[in-house]
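Structure record follows, encoded as structure tokens.
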Amino acid sequence: MSPTIGVLALQGDVREHVAALEHEGARAVGVRRRSELDAVDALVVPGGESTTIDKLLRAFDLFQPVQQRLRDGMPAYGSCAGMILLADRILGGIEGQRTLGGVDITVRRNAFGRQVDSFETDLAIEGVEGSAEEPVHAVFIRAPWVEEVGPAATVVGRVEEGPAAGRIVAVRQGPVLVTSFHPEVTGDTRVHRLFVQIVRESR
Ligand code: GLN
């Protein structure tokens, strides 16, 4: 049976994730309330604005329930703002900004300096089918990077060229995957394919 994957639908690019997940054979649904969260096998936290999503998670009484599901081992995928929300530690957040946590990393918010604030580049991601030969086109929009990786997490992708070469932009910890970039805007659904695989394997 296809897994049911929720996309946190408080703010951000929800529709694009739903389309990419369905393209990869999952059932995808928006999650805005507790009952919807309870019904999904896994959750995507989309890009958008992490400070806003943090506030809305609290306003919708979803912060703790999502955090609890993550602690219980729910697979999750976060892109950009979603990566910030799934990181255990954050640098450059606003006063009082919290994260759900789940991945043993420190992210730096809005990390890429002025010149490369938003940019696109090609990179290989460990676990993403064929990406060594045919790289993933990664779109970064005021993105975070991963400044520090703890022992529980594994780096699966780095920027390969240009001024930000070497920066860590994709990490996996068990069933949780995070990327600084937005694979949902390119039409290449291989990152979502990897996540759907992770969800299937964890069931
Ligand atoms: N800069 C945003 C933040 O801090 C993230 C941008 C994005 O998700 N495209 O949440």
Side-chain angles (χ1 to χ4, degrees), residues 5-21 28 30-32 42-60 62-63 66-67 70 76-103 105-123 125 136-149 153 156-159 162-164 167-173 176-189 191-192 194-195:
I5 302 182
V7 180
L8 189 65
L10 302 175
Q11 192 243 0
D13 48 354
V14 175
R15 263 188 310 182
E16 293 84 349
H17 281 288
V18 167
L21 292 165
V31 167
R32 219 173 271 112
L43 188 68
V44 171
V45 184
E49 177 49 56
S50 58
T51 54
T52 305
I53 299 175
D54 172 31
K55 285 188 192 127
L56 291 173
L57 275 167
R58 300 189 232 189
F60 282 69
L62 275 174
F63 193 94
V66 173
Q67 197 166 50
L70 289 165
Y77 168 52
S79 78
C80 204
M83 170 193 256
I84 296 172
L85 280 150
L86 292 172
D88 284 348
R89 297 168 297 277
I90 177 177
L91 295 169
I94 63 164
E95 176 93 29
Q97 183 174 0
R98 290 185 309 175
T99 69
L100 296 158
V103 184
I105 53 174
T106 305
V107 290
R108 181 174 290 282
R109 195 167 155 254
N110 300 333
F112 296 91
R114 271 229 182 124
Q115 273 143 16
V116 286
D117 203 16
S118 296
F119 68 106
E120 304 185 10
T121 190
D122 289 338
L123 43 91
I125 313 231
V136 169
H137 188 66
V139 177
F140 295 83
I141 305 165
R142 292 181 57 73
W145 69 41
V146 179
E147 194 137 318
E148 191 190 76
V149 181
V156 295
R158 292 178 189 264
V159 176
R167 290 297 176 184
I168 299 166
V169 293
V171 171
R172 181 165 169 189
Q173 180 172 328
V176 184
L177 179 69
V178 289
T179 64
S180 304
F181 54 88
H182 290 270
E184 73 284 2
V185 300
T186 61
D188 178 351
T189 55
V191 172
H192 292 82
L194 169 61
F195 183 56

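All ligand and atom numbering here is 1-based and tracks the order in the structure. Residues: numbered from 1 along the sequence shown.
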* **Heavy-atom side-chain contact between Val178 and Ile105 under 4.5 Å** => yes

* To do: Taking the side chain as every heavy atom from C-beta outward, state whether Leu57 and Leu8 have any atom pair closer than 4.5 Å.
  => yes

* Do Arg167 and Phe112 meet the cation-pi criteria used here (NZ or CZ under 6.0 Å from the six-membered ring centre, within 45° of the axis)? -> no

Just jot down the ligand 1 atoms closer than 4.0 angstrom to any heavy atom of [X], in number order.
X      : answer
Asn110 : 1 (N), 2 (C), 4 (O)
Ile84  : 3 (C), 4 (O), 10 (O)
Glu49  : 2 (C), 3 (C), 4 (O), 10 (O)
His182 : 7 (C), 8 (O), 9 (N)
Arg109 : 3 (C), 4 (O)
Ser50  : 3 (C), 4 (O), 10 (O)
Gly47  : 8 (O)

* Asked: Which protein heavy atom lies closest to atom 7 (C) of ligand 1, and at what distance to 0.1 Å?
  -> Cys80 SG, 2.7 Å

* How close does the nearest protein non-hydrogen atom get to atom 5 (C) of ligand 1, and which residue and atom is it? -> Gly48 O, 3.4 Å

* Do His137 and Glu120 have side-chain N/O donor and acceptor atoms under 3.5 Å apart? -> yes

* To the nearest 0.5 Å, tell me how far Ile53 CD1 sits from Phe60 CZ. => 12.0 Å

* Asked: So how far is it from Tyr77 OH to Ile5 CD1, rounded to the nearest 0.5 Å?
  -> 12.0 Å

* Asked: Are any side-chain N or O atoms of Glu184 and backbone N or O atoms of Ala20, one a donor and one an acceptor, separated by less than 3.5 Å?
  -> no

